[in-house]
Number of protein chains: 4
Amino acid sequence: MSSAVADTPRSPGRPRSVRADEAIIEATLDLLAEGMSVDVLSIEAIAARAGVGKATIYRRWSGKDALMHDALATLKAPAPLPEGKSVRDDLVLLLSHVGPQPDPRLAAIMPCILPHVTRSEEHYKAYQDIIEPRRNVVRSVLQRGVDSGELRADLDLELTLAMLIGPVLIQRVLRWHPDLDADKLPAQVVDLIMAGIAAR
Amino acid sequence: MSSAVADTPRSPGRPRSVRADEAIIEATLDLLAEGMSVDVLSIEAIAARAGVGKATIYRRWSGKDALMHDALATLKAPAPLPEGKSVRDDLVLLLSHVGPQPDPRLAAIMPCILPHVTRSEEHYKAYQDIIEPRRNVVRSVLQRGVDSGELRADLDLELTLAMLIGPVLIQRVLRWHPDLDADKLPAQVVDLIMAGIAAR
Amino acid sequence: MSSAVADTPRSPGRPRSVRADEAIIEATLDLLAEGMSVDVLSIEAIAARAGVGKATIYRRWSGKDALMHDALATLKAPAPLPEGKSVRDDLVLLLSHVGPQPDPRLAAIMPCILPHVTRSEEHYKAYQDIIEPRRNVVRSVLQRGVDSGELRADLDLELTLAMLIGPVLIQRVLRWHPDLDADKLPAQVVDLIMAGIAAR
Amino acid sequence: MSSAVADTPRSPGRPRSVRADEAIIEATLDLLAEGMSVDVLSIEAIAARAGVGKATIYRRWSGKDALMHDALATLKAPAPLPEGKSVRDDLVLLLSHVGPQPDPRLAAIMPCILPHVTRSEEHYKAYQDIIEPRRNVVRSVLQRGVDSGELRADLDLELTLAMLIGPVLIQRVLRWHPDLDADKLPAQVVDLIMAGIAAR
DNA sequence: CGTTAATCGAGACGGTACGTCCTGTCTTCGG
DNA sequence: CCGAAGACAGGACGTACCGTCTCGATTAACG
């Protein structure tokens, strides 16, 4: 093409391998999902699992935190499902997706990053760009429920958000609980919080 | 000993220092409360903080897990508060105690052990003796509410438990949330779950 | 070219740069002469010094050993000096040429390759084609001395060769010796070995 | 003992293992003797060969150079043999000891350190305390020969020294030479240099 | 009141992972 | 096709801790 734009000037030398990029991210997610905590997750282990030299990782990311952030960002489900017929069904769907879908590793990883973001405001802010879009979807569903009259008009959206997400975050702990079924949890949570626990 | 009762047979040699015991437990809790995750919490750091040799720790505990367990067990508030005048007030009180009281470090530590117990059923069971008594208190308050007619007769106690505890576990994450006040969270959570979010 | 002789069929594409060839050889010799050992001498360093890409080197030589061999072969003085008037003068001249002439780097490089050829018989043999011609010149001078009666008839030529070359090889070590002058060393060595050290 | 001297105050903590010291030195000498050059010799290889952690090496030596120096110092034969009946026999004995005795690795290592000490005056000086004592013994034998009239009165001791040591340093190269026998080399060298090569 | 024995702080032990640097090879572009 | 630039997998660097061990000194109860 003889026309103008020099789209991407293209730096000299061999371009970075896309295969390596993917292998590193996948290895990171796999290791996280295998239950390793953020702190015990080692660059050396990631490199070995990805079949990659350590330098290839450090060429792309400054350290473990930056790599982790990008790895988790790839899990950022591209808007899982915005709309259904009722607020109740939408919420159940969304909460189910914080769970095993779309990437089955997500449910395993989430509790691992919880203490990570808890450590400091700095860590917390670093993950806002990943967490907030997900929360926004839930928030908008709640707002729609208020507007449509399905939910109470005086509802504290932020509080409700925290209560919806909390149980799901600890759902892995509930796996071994004899009286609860993790698969049905989202629906039960939504139903309970819709109705309230107080007697009528 | 020529006397009767062999109370404690008393082994020969220098007895173990009580000061060391306490210093180690305190150092462990301090470090956990400072936001370190379970994995990065090192025996070496505990020993240094406690002013104690590493062997002094390994002589008492088999490893990090055993020490952690005992340290957290000392936080096991000796029955925080059994009874109030209403289920609502009791729940608020109990949830507040999962928070900053009685030991201010408790709230900081709880999110740290979450991924730890999540790792495997083995880890999970190891902490049951600490977690379950606390849950039992909440459970009995809920049962009393059902019996007294304050709560719905068909209430799923285990599910309700999970929903009450979830938001509190992630309350540290909410510290930096602009629209939520961690101190008021327990009361808000209880009120919301009592009433439900559905419009009447 | 429309003219006649297609001497060398001339492969297609850009011909190899003679400048690069020379620059690589020169860079190799320079680095060796700067006292680097054979093992620390890196292709990367040679490429950088020559202002050349690493691939440009690997396209011409199979590896470090092959490059080194060719580089040293260029130092193979094209018959330094065959004949003088006396065996003594010839030897002094030859030893001086193992030293700073004709290429001043030769004296610096020789001790570097010593441990290299020492490593295995394989390495040793690889450099025979460079070393032996030089030794042959000395050998023939010695033989001429025996024939002419200047040297003892029962002389062990190989042994004498080793004794003449040894001191020169370590002459760099002698640079800092306060009582020896490297420049005069060849003459002194020849004179001493001619006369012997035993009292008469 | 109630008397004075507090010999060695003894620092607290576990004392350093003598076994480790020895294993490290032995591993270093073994690897050097196996023909590795100084530069390719890695701390990691030494640690592996010695069955020792890297930290155990770095706790004792600042780096490769310091370790090498101490390793070679242990080869410093504690006065190989001072005196015989003739200067000739003494020299043969001493030169033989620069060779395979007392430690058979010495002959293999010497050519390896030659380019090392050659690199700079700094490196050269660092090994003076190892090299010079050995040279001193030879020097004193030569001086004794001059005093006793066995050697020429006008002998240049330093030059003679260089000529005696040179051939031995390159004796490994001579291993594969068909016409020379490394074992007999010292005697041949001494005899030749005593008599001179000039015809009488 | 000296013996005995388990404790203490201290720190070295064999390891593992760190993040950096350099190896020799491979892969892209522009000349 | 060549040349430079530079990414690739691999591996050694020197540091920092890991959990274990070994040391001299301390500290009680027992004989």
Side-chain angles (χ1 to χ4, degrees), chain A residues 9-17 19-21 40-48 50-64, chain B residues 1-2 10-17 19-20 39-40 42-45 47-48 50-64, chain C residues 11-17 19-20 39-45 47-48 50-60 62-64, chain D residues 9-17 19-21 23 40-48 50-64:
Chain A
R10 194 65 172 71
S11 72
R14 176 176 177 173
R16 294 195 176 161
S17 157
R19 281 183 73 272
D21 278 85
V40 105
L41 177 66
S42 73
I43 296 285
E44 214 144 66
I46 295 172
V52 142
K54 278 195 292 178
T56 301
I57 297 180
Y58 285 109
R59 206 174 283 122
R60 290 162 163 78
W61 293 279
S62 63
K64 193 154 55 180
Chain B
M1 191 201 282
S2 57
R10 193 63 174 74
S11 69
R14 178 176 175 175
R16 292 191 177 163
S17 156
R19 282 184 73 273
D39 296 299
V40 103
S42 70
I43 296 286
E44 199 146 69
V52 143
K54 282 194 289 182
T56 303
I57 296 178
Y58 283 107
R59 204 172 285 119
R60 291 163 162 79
W61 292 278
S62 63
K64 190 157 57 180
Chain C
S11 69
R14 175 174 176 176
R16 291 192 178 165
S17 155
R19 282 184 72 273
D39 297 299
V40 103
L41 176 66
S42 70
I43 296 287
E44 197 146 72
V52 141
K54 282 194 288 180
T56 304
I57 297 179
Y58 284 108
R59 204 172 286 121
R60 289 163 163 78
S62 63
K64 189 157 58 181
Chain D
R10 192 67 171 68
S11 75
R14 178 175 175 175
R16 296 197 175 158
S17 157
R19 280 185 74 272
D21 279 83
V40 105
L41 177 66
S42 75
I43 295 284
E44 215 145 65
I46 295 172
V52 143
K54 278 196 292 179
T56 302
I57 297 179
Y58 285 109
R59 206 172 282 122
R60 292 164 162 76
W61 292 279
S62 62
K64 193 155 56 181

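Below, each value reflects all heavy atoms present in this structure, side chains not excepted, and no hydrogens, waters or symmetry copies. In the text below, chain A, chain B and the rest are named by the order of the sequence lines, each starting its count at 1.
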Legend entry - Any C:Lys54 side-chain heavy atom under 4.5 Å of C:Ile57 side chain: no
Inset, instruction - Can you sort out the partners of A:Arg60 under salt bridge (Lys or Arg N to Asp or Glu O under 4.0 Å), two or more places apart, ordered by chain and number? - result: A:Asp21
Legend entry - Nearest-nucleotide comparison on DNA chain F, the residue closer to the 5′ end among B:Gly63 and D:Tyr58: D:Tyr58
Write down the protein N/O and nucleotide N/O pairs, taken from nucleotides 14-16 of chain E, whose separation is under 3.5 Å; answer none if there are no such pairs.
residue	atom	partner	partner atom	Å
E:dG14	OP2	D:Thr56	OG1	2.7

Inset, instruction - Could you say whether D:Pro15 or B:Arg60 is positioned toward the 5' end of DNA chain E, judged by the nucleotide with the nearest heavy atom to each? - result: B:Arg60
Inset, instruction - Hey, which sits more toward the 5' end of DNA chain E by its nearest nucleotide, D:Pro12 or B:Arg16? - result: B:Arg16
Inset, instruction - Grab the CG-C1' distance between D:Leu41 and F:dG14 for me, whole Å please. - result: 15 Å
Legend entry - Value in whole Å for how far the P atom of E:dA17 lies from CD1 of A:Ile57: 14 Å
Inset, instruction - Of all the heavy-atom pairs spanning D:Ala23 and D:Ala50, show the shortest one and how long it is. - result: O-CB, 3.5 Å
Legend entry - Heavy-atom closest contact (A:Ala47 atom, A:Gly53 atom, distance): CB-C, 4.3 Å
Legend entry - Whether D:Lys64 side chain and D:Leu41 backbone form a donor-acceptor pair below 3.5 Å: yes
Inset, instruction - Measure from the side chain of B:Arg14, starting at C-beta and using heavy atoms only, and say which of F:dT27, F:dG14, F:dT20 lies closest. - result: F:dT27
